[in-house]
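First up is the structure itself, then whatever we jot down about it.
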There are 2 protein chains.
Amino acid sequence: MARRAQQTTRTGILAIAQEAGVSPSTVSRVINGTAGVTDEKRKAVEAAIAKYHYEPNRFARSLVTHQSHIIGILIDRSIRYATANTLVQLEEVASNAGYMSVTLTIDKPWKVSLQRALAQLRSLSIDGLVVIAPRVGLADALAASGVQWPLVIINSLLLPYAHGISVVGEQQLEASKHLTEHLIAQGYTRIWHMAGSADWHDEQQRALGWKQALQEHNLERFGKLIQCTWSAQSAYQAIMAEDFSDGMPDAIFVASDHMAYAAIAALRARGIRVPEDIAIAGYDDAEGSIFLDPPLTTIKQDLPAVARTAMYTLLQKIEGKPTDDVVAMEAQLIVRQSSIRAQQKCPPRDSNPEPTSSQAWWLQPNLFYHPFF
Amino acid sequence: MARRAQQTTRTGILAIAQEAGVSPSTVSRVINGTAGVTDEKRKAVEAAIAKYHYEPNRFARSLVTHQSHIIGILIDRSIRYATANTLVQLEEVASNAGYMSVTLTIDKPWKVSLQRALAQLRSLSIDGLVVIAPRVGLADALAASGVQWPLVIINSLLLPYAHGISVVGEQQLEASKHLTEHLIAQGYTRIWHMAGSADWHDEQQRALGWKQALQEHNLERFGKLIQCTWSAQSAYQAIMAEDFSDGMPDAIFVASDHMAYAAIAALRARGIRVPEDIAIAGYDDAEGSIFLDPPLTTIKQDLPAVARTAMYTLLQKIEGKPTDDVVAMEAQLIVRQSSIRAQQKCPPRDSNPEPTSSQAWWLQPNLFYHPFF
DNA sequence: GCGTGACGGACTAAACAAAAT
DNA sequence: CATTTTGTTTAGTCCGTCACG
């Protein structure tokens, strides 16, 4: 009972109308710029609004407009660390555009979980929906559920969906292929892949890129896939358990940098040197990778850019503007010493060119960009 | 005009009532458990609800109840990587308790930014508010703004606020002190601190803990604080720029693990060995720290637990139950080789005891806990 | 125990009044 | 004077809740 909301006779549109000496609908017009209003009356209304710090009640408004200026965000509960800040970016772009966002977590089984979440979002009359769908199955469940809102899916499986749903993601297949080709170019032939959880699109794309590169160079028979989960621990254990009796690999493309750290530590524990004995490459360009000894070859994902682009795309859709069905973003190969055959001393700092300063507003946080992202 | 909301004759309470052969108010009663309803009718209604996946429109409801079952979350835009998943945890606890949460990002200047955000939240009639306020100034601006909701602040400055506002955070001061004392116990005397951004409470607490430990052991005159930002780059540059002409430190307590990685790399580049020449300790227990060579001494933060506790505390407040004004959570010192004087070979995996399985529901994600967190 | 009907606060179509052509 | 243009009001609507009968 203490929770009973305050009785604040919240200044309504009626009060403003009286104060300004006009009818409520005129006030509405001033607020929404719907139709012409005399300058005189407009000013009177604006004065009244300012005087009372009036803000129209969202509920009452949404009840009739079926719009809420709220955007739904659905995230797969099992997101990895890297994905977590995707969320922050989404919020931020939405925030800047004057939208609020509500986030819901979903998990397997997709169908029921999704049903529940969608019902909740529906009850909020959200204007649009972004779904972070790294695991296989979610995107399909979504398509099957017949979502009725503008929808953008963040996913590395860059295939078009039906109904004008957009997919935004990074070209992980291509990036992984480049990375593998880099290893091949270094002269490595026995190139293995240490895989993250197999039910992730990200993993599937990475494995596929690796495989394709091997196939094109006729090296497939030397390849081997070691199945792990995304956890560093699984990577460590996998290396410790591997008996290498059929011969050691030259190089291992590890599915994530964090796994690569663990793999390197395990190799070290077994007396195997990197990169002298085995070259290692990772994926993610995690914060520590450049400072590792040896610095880790990897692929830099610009997750913040993906997130911002996804939200921007959604905002376009909401405004009825045309959008691409598939937005593929490039991932960048970063070669460092962990995959270089001829050891050469060089300074540990990257000499990466500054990213081209794009003018697109949604890519530019309006203040500084924290280097952790 | 394409944006005109879909006409979907959204199944309303009326449709359910007809389907079940009762009046709308009976449906309302079933949903809210307001008054007694015959078992027979109740079942009919429940069946109808299930059939149509009906979910009452929150806006229509809130319009009259003045309650929304929505919780606001305010986050400082400049949150670090570690903070990002705090957000996920907040959402999850709220969602388990049947609340939805809307998130807004704020930034300096606090006052105007806050004003804007609060106005938005007010228009949503949120039931409560959680603020992630790592930077100095936000919490004060909040207190000054006279927020009218139940409010919980996540912040490492564990001081009570007025008006029954609760603060939840980790005891970073104590943890940093312990860490510094550990260094002292190892026999180090010239212990420096490499600081993160000075306008963060986290940094201030860490620096203070370091300072207090030095003072209590009369080692303050050997200490030196190197001011950096949280970025790894700043740490790297700081080490490279340091001329050590007044003597080298024995040990450096670096404000974050990611900075520590960079510091170690920079020291290595200058031919200084860790820990033989200088011991290093970090803070955060980032994913890679255990696999570093040498494994990094650090402090493990349980940010998920902080977040869950904060949300739980807020829920208590909302329900009118008493809560503590300050909830201080412990942070755990993890000693690894980077700070150990007598080098001793040991396996790189921690033998940390499993965290005591607390029974508190808000601390237990209902499915698995991804190892990345 | 259950149905009827009056709200809640803002939007909007249609009806009306005033000014301009 | 009749006809458009422009501005304004009236009444009905959105979807639940709650006091009453």
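Small disclaimer: the values here were computed from a predicted structure and weren't measured. Lettering of chains follows the sequences in order, A, B, ..., and the numbering in each one begins at 1.
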Answer with base, sugar-phosphate or nothing: what part of the nucleic acid does A:V37 contact at a heavy-atom distance below 4.0 Å?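 Here A:V37 touches the backbone only, sparing every base.
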
Taking any heavy-atom pair under 4.0 Å as a contact, classify B:V22: base, sugar-phosphate, or nothing. sugar-phosphate

Tell me whether the side-chain N/O atoms of [X] come closer than 4.0 Å to OP1 or OP2 in [N].
X: B:K41; N: C:dG1; answer: no
X: A:S25; N: D:dT9; answer: no
X: A:T38; N: D:dT8; answer: yes
X: A:N57; N: C:dG8; answer: no
X: A:S28; N: C:dC11; answer: yes
X: A:T26; N: D:dT9; answer: yes
X: B:Y54; N: D:dG16; answer: yes

Examine the base of D:dT9 for any acceptor or donor lying under 3.5 Å from a partner atom in the side chain of A:R29, and report the outcome as yes or no. yes

Report the distance from atom [atom1] of [X] to atom [atom2] of [N], rounded to the nearest whole Å.
X: A:H66; N: D:dC14; atom1: NE2; atom2: C1'; result: 6 Å
X: A:L14; N: C:dA10; atom1: CG; atom2: P; result: 9 Å
X: A:I49; N: C:dA10; atom1: CD1; atom2: P; result: 11 Å
X: A:E40; N: C:dA19; atom1: CD; atom2: C1'; result: 14 Å
X: B:R58; N: D:dT17; atom1: CZ; atom2: P; result: 12 Å
X: B:I13; N: C:dT4; atom1: CD1; atom2: C1'; result: 14 Å
X: B:Q67; N: D:dC15; atom1: CD; atom2: P; result: 22 Å
X: B:Y52; N: D:dC15; atom1: OH; atom2: P; result: 15 Å

Salt-bridge contact A:R122-B:E55 (side-chain N to carboxylate O under 4.0 Å): no

Taking for each residue the nucleotide of DNA chain C with the nearest heavy atom, is it A:I31 or B:S23 whose nucleotide lies nearer the 5' end?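 First, find each residue's nearest nucleotide; the 5'-ward one identifies B:S23.
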
Whether the [X] and [Y] side chains hold a donor-acceptor pair (N or O, under 3.5 Å, no angle test) is what I'd like checked.
X: B:R58; Y: B:S68; result: no
X: B:T26; Y: B:K41; result: no
X: B:T105; Y: A:E91; result: no

Atom pair CG/OG of B:L104 and A:S101 - distance to nearest 0.5 Å: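 Here the interatomic distance stands at 7.0 Å.
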
Starting at CD1 of A:I132, measure out to CG of A:L138 and round the result to the nearest 0.5 Å. 10.5 Å

Given C:dT4, C:dG8, C:dC11, which nucleotide is nearest the side-chain atoms of B:V64?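 So the nucleotide nearest the side chain must be C:dG8.
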
Toward the 5' end of DNA chain D, by each residue's nearest nucleotide, A:L63 or B:P24: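 Upstream on the strand: A:L63.
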
If we call it a pair only when both distances are under 3.5 Å in a Watson-Crick or G-U wobble match, what pairs with C:dT21?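 Across all strands, not a single nucleotide pairs with C:dT21.
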
